[in-house]
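Sequence lines set the chain letters: A, B, ... in the order given, protein chains first and strands last, and positions in each chain run from 1. Everything numeric in this text was worked out from a predicted model, so none of it was measured.
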Amino acid sequence: MMFLVNPGKFNKVADYVFLPVLVSSIILFSIGLIFAFYLSPDDYQQGSTVRIMYVHVPSAWLALLTYAIMTLYSICGLAFRIPFGFIINTAVAPIGAVFTLICIISGSLWGKPMWGTWWVWDARLTSVAILFIIYLIIIFMNLSFENRIVREKVVAIFILVGSVNLPIVKFSVDWWNTLHQPATISKLSKPSIDPSMMTPLIIMTFAFIMIGIAIAILRIKTEIISRKSYLS
Amino acid sequence: MILVKDLSIERSNKKIFENVNLSVGSGKIILLKGKNGSGKTTLLKAILNLIEPSSGAIYWKGKLLKKNLYNFFNHVTYIADKTSSLSKLSVQENINIWKKIFLSNISNSQVDNILKTLKLNTYLNQNVNSLSFGEIKKLEFLRLIIENKKIWILDEPFSNLDDESIHIIGQTFEDHRSKEGSIIFSSHQESEINVSEKVLL
Amino acid sequence: MILVKDLSIERSNKKIFENVNLSVGSGKIILLKGKNGSGKTTLLKAILNLIEPSSGAIYWKGKLLKKNLYNFFNHVTYIADKTSSLSKLSVQENINIWKKIFLSNISNSQVDNILKTLKLNTYLNQNVNSLSFGEIKKLEFLRLIIENKKIWILDEPFSNLDDESIHIIGQTFEDHRSKEGSIIFSSHQESEINVSEKVLL
Amino acid sequence: MIILNKVISFYYREYKLNLSGFQDILTNIIFFFVSIFIFIFSIGPDKETISSIGIGIVWTLLLLSSTLSLRKFYQDDFENGNLLIMHLNGLSFGLIAILKTFSHFIFVQMPFLFSIPIACILLNIANHDLIYLFSSFVIGSFILSCLGSISSSMNLMNKRNFLLGSIIVMIFSVPIIIFSVGIVNLEENFNSLISILFGILLIVFAINPWASGLCIRLSLENN
Amino acid sequence: MIILNKVISFYYREYKLNLSGFQDILTNIIFFFVSIFIFIFSIGPDKETISSIGIGIVWTLLLLSSTLSLRKFYQDDFENGNLLIMHLNGLSFGLIAILKTFSHFIFVQMPFLFSIPIACILLNIANHDLIYLFSSFVIGSFILSCLGSISSSMNLMNKRNFLLGSIIVMIFSVPIIIFSVGIVNLEENFNSLISILFGILLIVFAINPWASGLCIRLSLENN
Ligand code: HEM
Ligand SMILES: Nc1ncnc2c1ncn2[C@@H]1O[C@H](COP(=O)(O)OP(=O)(O)OP(=O)(O)O)[C@@H](O)[C@H]1O
Ligand SMILES: Nc1ncnc2c1ncn2[C@@H]1O[C@H](COP(=O)(O)OP(=O)(O)OP(=O)(O)O)[C@@H](O)[C@H]1O
Ligand SMILES: [Mg+2]
Ligand SMILES: [Mg+2]
């Protein structure tokens with residue numbers, strides 16, 4: 001598993017993996033879309049707007065997952081002095097931001113028919129918006145600080161501090177009663193979602209993951225190249 | 001007292017200078033010479049521990065300067081190539097502030113004297129931003145007297161000054177040397193000052 | 001072309017200078033000399049109509065300069081004692097901005113040449129605030145070439161420069177003179193430039 | 001048409017200075033949203049309240065942004081000598097003031113203009129208010145730019161009586177804002193109110209090059 | 001006790017400087033009151049709403065106007081070389097950060113403290129809330145000063161994107177806002193909430209000299 005922390009090994013593994021990942025993401029996406037639009041039923045309450053879910057939920061999960069990964073790598077970078085951690089942080093932040101944006105936009109589109117407004121100030125929505133802004137700040141810090149060494153550390157610390165927001169996003173629906181849907185799948189024993197909706201959801205989730213990985217590989221590789229001078 | 005040993009400095013992966021050696025004893029005046037961009041200012045800043053050298057070290061009284069920084073600062077006045085007087089305040093206000101922050105016990109008449117030799121005495125209530133460039137520069141030299149330290153580190157002290165002022169500053173240098181003080185300064189101009197050593201960068 | 005006649009200037013009721021006469025013809029290089037605070041900068045600014053004289057007048061091509069101001073400005077480049085490049089931008093960005101605002105049709109290769117003679121060509125992508133003082137000063141001279149005007153008004157162009165750069169600027173002056181341009185500049189330093197007239201303030 | 005070219009290149013320079021890239025515009029907008037967040041957090045998420053004070057929030061932020069950037073208005077260019085260079089480049093002081101005012105309007109106020117629709121979504125401002133908000137906002141922010149120009153050029157001179165002047169100018173913005181907010185709330189009077197506002201705009205716009213130009217000239221003389 | 005003398009003279013200097021920048025302070029306060037007027041006008045004269053959101057508004061405005069003055073925090077002294085002089089005068093970077101933070105608190109935030117009572121009258125905030133508001137305000141504004149110090153020292157290194165620092169401050173102040181507004185609204189929990197706020201203060205205060213000091217050092221190196 002050294003390829004997760006070592007740039008050289010990562011490059012090697014990435015070369016093998018990239019094409020399969022890309023192909024499978026395309027295939028999964030096509031299947032997922034077919035399922036989402038043709039093979040899944042309308043919801044008895046929500047009608048066909050329920051199909052937004054197949055974009056909304058995977059992107060929300062990935063937004064959170066990406067941030068969690070960044071948090072882990074920040075710890076690697078700061079505590080264990082593994083520079084690869086900083087590389088991942090820089091490379092992955094925009095991807096997370098895009099997922100968050102997709103989540104917010106799809107959620108708003110969903111919210112208009114369901115709740116009657118595009119936006120409400122409930123705990124989950126607000127915390128997701130903050131997550132988005134945190135992502136943007138990370139990106140801007142990466143762009144605008146000149147001194148690399150300081151920048152990396154500052155960004156990593158910022159990521160760690162910002163990770164307080166993650167549990168708030170995740171559990172806000174349980175902690176406060178809000179408009180937003182509570183967790184469906186996390187009830188491990190018995191998902192409260194219909195299996196006919198479950199299949200496309202899972203396929204779409206994997207499609208999103210694969211696309212995320214593919215873009216991440218590209219970005220991490222360019223990041224590694226741009227730092228060749230000191231990575232040895 | 002100050003010993004610069006094999007100092008090399010890089011900025012953004014670009015070598016500025018390599019293996020500079022320099023020693024500043026008491027009663028010595030040292031002149032840094034070199035083209036524009038040869039690293040005079042950089043060297044002076046490195047001596048003040050503001051720039052991390054890529055190799056080599058600086059010693060102060062035999063010990064690593066870095067370990068002894070604030071002790072060293074207690075003996076140093078630095079005049080940078082930019083002036084530091086506050087342009088929105090008057091000359092008098094600037095002097096007052098300097099007297100306060102450097103905890104100087106210089107007497108008012110002493111200040112008046114220096115202002116008179118520097119021909120600044122008529123400008124006391126004028127705002128610094130309405131002074132001429134050379135007058136602002138001369139005002140800066142007051143800090144040398146107010147701070148009253150052993151080591152003077154000066155970056156291009158003579159630029160923008162007329163010959164008469166340069167002469168006065170030169171005399172101040174001699175004075176300081178005779179009091180066992182040491183001076184290290186950079187300059188592009190030839191001056192009448194009798195330097196102990198000339199370092200080419 | 002420029003004729004300064006019996007010019008006196010007061011600032012805050014204090015006489016700076018009185019009855020200065022000066023004429024700047026084409027192909028002439030005029031040097032202003034004087035002590036710090038003698039009013040060199042003030043005179044240059046008065047010529048640019050930035051300071052109202054208390055008596056006397058300035059003529060441009062026989063007419064009162066004041067009446068003809070923007071026409072006059074079309075022929076003048078002024079380099080003040082402070083540099084004007086934007087310190088947060090890179091050298092290249094500064095040059096681009098200058099090219100735009102002075103509507104200059106100077107070619108890129110010409111700029112490259114000058115940068116090379118001034119030894120600034122390696123700093124193109126460096127931010128101006130990380131250049132050395134002299135390099136910033138040299139960068140400023142690029143404006144002379146980019147603006148490409150007849151009359152150059154320069155305030156202490158040689159301070160903070162090394163001898164080599166002064167020599168290069170001196171050659172540029174000679175060039176300009178041979179093209180019937182005129183230069184008026186102030187300086188404290190002696191230089192090798194063959195001035196047509198020296199005005200003492 | 002040389003002067004037109006010069007104006008264009010003036011804006012090229014302003015653009016370079018203000019937005020060295022897309023990310024600066026984005027930071028402006030993000031700043032706007034974060035401020036809205038802060039408001040919401042401190043007021044509480046009650047829908048009714050939020051939509052009733054939404055317009056106030058937008059106006060406050062507008063005012064904030066224009067005060068925030070006042071110092072940048074002339075100060076930087078004055079200190080590094082670029083104001084002088086512009087003048088010597090053939091732009092009269094009055095013209096510089098006009099150009100700078102527009103530049104402030106475009107580079108500082110406009111980003112807010114573009115974020116208003118989104119702000120309306122977040123703040124539950126009714127759609128039919130949007131048009132009132134928009135028009136009053138455009139006019140009001142331009143008035144603020146003009147006033148900002150006058151007061152910050154007064155500040156260049158760094159003399160006590162002028163300090164007071166710049167503060168007085170700031171105070172002038174109070175009735176204007178009150179008017180503008182009124183426009184949105186009193187829809188029936190919209191036309192008459194907006195013409196009053198427009199009148200104020202014309203007056204301020206006419207005074208601006210004259211007053212700011214004079215201040216710039218005097219400050220250059222004294223520097 | 002040389003260091004004590006130096007600290008005292010540091011404040012003498014700050015005092016002189018801030019007085020000459022008096023109009024900035026006044027501008028902040030004017031901004032504060034103008035914004036309050038804006039809110040009152042946009043809400044309409046309904047007393048209930050006004051007093052219910054009053055505290056939130058005061059808090060937000062406090063936050064916004066302290067971001068207003070961030071630029072003055074280190075920038076000026078950095079550019080004219082006085083930050084360097086202070087350091088060479090024997091004040092370590094961390095100490096400079098601490099002193100500057102207090103100076104910001106005293107010269108920028110304090111004037112607001114004095115305007116709070118007036119704001120309370122305007123906003124119909126009950127008298128017995130005033131004491132809560134005051135104590136939470138003092139602690140909260142000191143936290144803001146610390147955050148401001150960190151972000152504006154970061155800004156020294158990042159030459160262009162001025163607003164980024166403000167945004168960071170504002171994001172971090174979200175929890176502070178929540179707690180502080182909470183203090184006033186939930187009087188029964190006053191003690192526990194204020195101790196949370198105090199805890200945050202301690203953390204930020206401890207980080208500040210370290211973080212700001214580092215940033216100042218690096219920026220001096222690169223200048
Ligand atoms: C802009 C508005 C919205 C945002 C920012 C948002 C955000 C999120 C997030 C972050 C998650 C992932 C939570 C987790 O992993 O536990 C999520 C899940 C979900 N959202 Fe939304 N949402 C929005 C609007 C909506 C709307 C309008 C609906 C439907 C009425 C909706 C239905 C769901 C459902 C069903 C899930 C899956 C819950 C689960 O299985 O855990 N969302 N949303
Ligand atoms: N942060 C930096 N990154 C890259 N290069 C730098 C940086 N800072 C300074 N330099 C370069 O270092 C060189 C030395 O600068 P320095 O200011 O020491 O020169 P100097 O000898 O004082 O010149 P001058 O006589 O013009 O004052 C310059 O060429 C400058 O461009
Ligand atoms: N607004 C003002 N009020 C009073 N005196 C002023 C004002 N502006 C300038 N002066 C004085 O005018 C004198 C001339 O200034 P000027 O800048 O022209 O001198 P200079 O010859 O350029 O000197 P230097 O060689 O130092 O640059 C100075 O003594 C200055 O103090
Ligand atoms: Mg130098
Ligand atoms: Mg001069």
Side-chain angles (χ1 to χ4, degrees), chain D residues 17-21 23-24 27-28 30-31 33-35 37-44 46 48-50 52-65 67-72 79 151 154-155 158 160 162-167 170-171 173-174 177-182 184-185, chain E residues 20-24 26-31 33-44 46 49-50 52-65 67-72 79 159-171 173-178 180-182 185:
Chain D
L17 275 182
N18 281 296
L19 317 164
S20 39
Q23 52 155 319
D24 286 295
T27 7
N28 275 330
I30 292 174
F31 179 78
F33 286 124
V34 176
S35 327
F37 274 29
I38 298 280
F39 267 112
I40 302 287
F41 275 116
S42 56
I43 296 166
D46 180 39
E48 286 295 297
T49 342
I50 290 179
S52 78
I53 61 165
I55 288 161
I57 292 179
V58 174
W59 263 105
T60 314
L61 291 176
L62 166 66
L63 179 67
L64 169 79
S65 76
T67 1
L68 244 178
S69 47
L70 270 193
R71 185 169 156 176
K72 273 174 76 180
E79 273 165 14
S151 84
M154 278 179 167
N155 263 337
N158 181 37
R160 298 266 179 256
F162 283 107
L163 290 189
L164 201 65
S166 69
I167 287 164
M170 282 292 300
I171 291 175
S173 54
V174 178
I177 288 165
I178 289 170
F179 256 129
S180 320
V181 177
V184 185
N185 288 340
Chain E
S20 78
F22 189 59
Q23 93 272 20
D24 288 349
L26 253 173
T27 312
N28 281 3
I29 290 181
I30 290 175
F31 165 75
F33 281 109
V34 172
S35 321
I36 286 177
F37 279 122
I38 293 178
F39 277 108
I40 294 177
F41 273 90
S42 65
I43 298 167
D46 180 30
T49 349
I50 292 182
S52 77
I53 59 166
I55 289 159
I57 289 177
V58 172
W59 257 103
T60 318
L61 293 177
L62 164 67
L63 175 63
L64 289 181
S65 34
T67 36
L68 251 176
S69 49
L70 274 191
R71 186 171 155 172
K72 271 177 70 183
E79 273 165 13
K159 292 284 155 50
R160 291 186 183 170
N161 213 328
F162 168 60
L163 275 181
L164 188 55
S166 315
I167 294 174
I168 294 174
V169 173
M170 287 166 78
I171 278 286
S173 46
V174 168
I176 299 161
I177 288 270
I178 292 175
S180 318
V181 175
N185 289 340

Proximity breakdown for L61(E) and chain D, heavy-atom pairs closer than 4.5 Å: side chain
Atom group of L63(E) that falls short of 4.5 Å from chain D, counting heavy atoms: side chain
Reported CG-to-OG distance for the pair L64(E) and S166(E), which is rounded to 0.5 angstrom: 10.0 Å
Nearest-0.5 Å distance that lies between atom CE in M170(E) and atom CZ in F37(D): 10.5 Å
Taking every non-hydrogen atom, the tightest pair across G56(E) and S42(D): O-OG, 3.2 Å
Atom of I167(E), atom of F31(D) and distance for their closest heavy-atom approach: CD1-N, 3.7 Å
Contact leader toward chain D among I171(E), V174(E), T60(E), where contacts are heavy-atom pairs under 4.5 Å: T60(E)
